[in-house]
Enquirer: 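I am attaching a structure below and will ask some questions about it afterwards.
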Amino acid sequence: MNDKNKDNGFAELVIPGDPKTGNNGGFAIPPAHSGKYAGKGAYTAANSKKAAEELCFSYDPGLAFVKNVQVYTWGATRSFYERFRTDALRYREMKGEPCEHIPFFSYIPQYSQMNLYQSRFYLYFRDLARCGEYIYADLSYILLYIYEIINLSDESDSAHDVEILCGLWMAYRETYPALDKYMAEWVCDFCLLYKLPVPKVTLSILPKLCETATLREFYMSAAVENGRIMQGEILESFADYDRRRSRVELPEEHMHHFPRAIEAACSVFGEEHFIGSDAVLISRDAFCGSLCAHNVKRKIVVEYYPALRRSGVRGMLGAAVKYTENKIRRVAGIKSRLHTEGLPDNVKTKIDEYFENAMPSVFQRKNVRVEPVPEYERFYDAPSTPFSADDAQKIELESRAAAEMLAAFDETDEVAEAVPVVENIPEAETEAAAANKVADVIRHMLEGGELEAWCRERGLLPDTIAGEVNEKAMDFMGDVLLENDGSGWQIITDYLVEAAEMAVGNE
């Protein structure tokens, strides 16, 4: 570097000549704010050329979602970008020294746009970044270093370069969120162009990549290959039901259960559920949106399997989201439930297990401690006969007949006092009788009968019986089983399995 032609504390950079290009005299990069265009007068204009796109090579990357990659030459040339590559080659071996941060901004940062002090800070920042140390730097410095790596990638170790790219990305993405949009594309292009595997560090931000990356299947392949369950945020984004548009307001403090429950649900799915059976093609220009010279610019054609496009998968994911929302509604005290047709029982079981572990106080069945019964008490136990209204009526008639017979054998001539008959006197039911009555009601309804008809035959009130059934259901599973939709009492469809279990009763 040379401090000549100083202008208000800024100086132009003198770059030595390069015999390979025929420029033996070198050239000067004018200082910033000098009124000159970047590079003006330093180069002679090159004629633009057009070339046919030719296949360079094709290969199978061995990725779960990506079947084949074809790399072609890029037809157009841009002399200005070629000049950037020449500058990058000369800057590559320069070393920096510790110095203070100097602000730098440019929409498309280039070496020629920096003054002497900015150049010094750039070299210092770059030296530290090469060693994995990341100090505060403006986005323009970061993009300039990324452009440098891209433009010199054909003359360096590509595996090491992608590590630097990902290191810059992960270190500065929270400070500069725009990096996610750029790097999701450029890292993908870099890996496809140089036959590199998916960087493992991208697994940590896979949900974000699936939102921003055009070829998100490239990054999703890493999750499949590492035997990991894809994050629930990803799986939920493929569902045909969006719980954010729910008709009820769900408590925000329970929203984190959705992705975790969906992950648990999808653990039963095989790889075939995630990877489509029909491959499609996508064509992309490498490093689109970056400052890239012609010699590394390529056209990439990718044949891949779209993720989660198999018939029925999106419907199953949507049903899993609904089933999870039903759990959240139950916690919030919302009685209405969503229908979850098409959701396999083993998926429901996984979601149930998740909530039993995550919220045991709500979803785990209470284990009632049973005290041991002394042996002698078994002689006092009544036979465990299921309650039957017909049997009760038969016993009553037999008792009445026996009373009349005893009156006939009375030695006195007095007429036996008639035993008053009082019908439908409710007596305290035993716990077993109550349970069997509930089981009888549920069986009747599971077989297609109506609660009102069952109660009418026995002279009982439907609301009273429904209350008894729901009380037993609360003890059994922590939620009501019957609900009145205006046309009568019905079993909640989401609890048909539990209803069948309760219908067994004490049998």
Side-chain angles (χ1 to χ4, degrees), residues 246-251 322-323 325-341 348 352 355 359 361-368 382 384-397 420-507:
S246 177
R247 291 180 298 175
V248 300
E249 185 175 356
L250 301 173
K322 291 180 181 179
Y323 192 82
E325 182 172 328
N326 286 340
K327 297 287 186 180
I328 302 299
R329 289 187 179 194
R330 175 174 163 183
V331 174
I334 302 172
K335 291 186 176 181
S336 61
R337 301 289 186 270
L338 298 170
H339 296 289
T340 57
E341 294 86 354
K348 292 181 180 179
D352 291 339
F355 278 100
M359 304 174 119
S361 60
V362 179
F363 292 100
Q364 273 192 353
R365 296 176 183 174
K366 299 178 180 180
N367 297 323
V368 181
S384 58
T385 304
F387 173 80
S388 172
D390 295 336
D391 290 345
Q393 185 178 12
K394 181 179 178 181
I395 293 173
E396 183 181 356
L397 293 175
V421 178
V422 181
E423 296 182 358
N424 296 330
I425 298 178
E427 298 180 356
E429 290 182 326
T430 64
E431 184 177 350
N436 284 311
K437 181 174 66 175
V438 169
D440 188 34
V441 171
I442 297 174
R443 281 197 299 271
H444 175 77
M445 298 183 71
L446 287 174
E447 292 172 358
E450 297 180 352
L451 175 61
E452 290 74 8
W454 188 92
C455 293
R456 189 162 49 249
E457 293 176 358
R458 294 160 177 78
L460 302 174
L461 296 175
D463 290 349
T464 302
I465 300 302
E468 294 179 11
V469 172
N470 284 336
E471 184 177 353
K472 292 292 183 183
M474 289 296 294
D475 294 336
F476 181 73
M477 62 180 181
D479 200 356
V480 297
L481 179 66
L482 305 182
E483 64 178 359
N484 195 329
D485 60 0
S487 62
W489 289 96
Q490 305 290 337
I491 296 176
I492 298 175
T493 55
D494 291 338
Y495 296 141
L496 291 176
V497 175
E498 290 81 356
E501 294 176 358
M502 293 179 64
V504 177
N506 291 332
E507 296 181 0

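Residues take their numbers from the sequence shown, with the count starting at 1.
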Enquirer: Measure the CD1-CD distance between I334 and E249 for me, rounded to the nearest 0.5 Å.
Expert: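 Between atom CD1 of I334 and atom CD of E249 there are 8.5 Å.
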
Enquirer: CG/L496 to CD/E501 distance, rounded to the nearest 0.5 angstrom?
Expert: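 Here the rounded value is 11.5 Å.
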
Enquirer: Let me see the working for E468 and K472 under salt bridge (charged side-chain N to carboxylate O under 4.0 Å, His left out), right down to the final yes or no.
Expert: CA-CA 6 Å; E468 294 179 11; K472 292 292 183 183; over 6 Å; no

Enquirer: Could you report the tightest heavy-atom contact between I465 and C455, atom names first, then the distance?
Expert: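 It is CG1-SG, 3.6 Å.
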
Enquirer: I need the L446 CG to I491 CD1 distance, nearest 0.5 Å.
Expert: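 So the CG of L446 and the CD1 of I491 are separated by 4.0 Å.
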
Enquirer: Under a 4.0 Å threshold between the charged nitrogen and the carboxylate oxygen, would R329 count as salt-bridged to E325?
Expert: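 Counted as a salt bridge, because a side-chain N and a carboxylate O are separated by less than 4.0 Å.
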
Enquirer: If you take all heavy atoms of W489 and E452, which pair is closest and at what distance?
Expert: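 Scanning both residues completely, I find the closest heavy atoms to be N-OE2, 3.4 Å.
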
Enquirer: Nearest heavy-atom pair of I328 and F355: which atoms, and what distance?
Expert: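 Smallest interatomic distance, heavy atoms only, reads CD1-CE2, 3.9 Å.
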
Enquirer: So which atom in A439 and which in A503 form the shortest heavy-atom distance, rounded to 0.1 Å?
Expert: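 Shortest heavy-atom contact: CB-O, 3.4 Å.
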
Enquirer: Quick one: pull up CH2 in W454 and CG in L460 and give me the separation to the nearest 0.5 Å.
Expert: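 Going from CH2 on W454 over to CG on L460, the span is 5.5 Å.
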
Enquirer: Could you tell me which residues satisfy side chain to side chain contact (heavy atoms under 4.5 Å, CB included) with E483, sequence neighbours excluded, listed by chain and number?
Expert: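 Only I492 meet the side chain to side chain contact (heavy atoms under 4.5 Å, CB included) criterion with E483.
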
Enquirer: Quick check against the 3.5 Å criterion: does N326 have a side-chain atom that pairs as donor or acceptor with the backbone of R337?
Expert: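 Absent.
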
Enquirer: In Å, rounded to the nearest 0.5 Å, how long is the span from NE2 of H444 to CD of E457?
Expert: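 Output value for this atom pair is 6.5 Å.
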
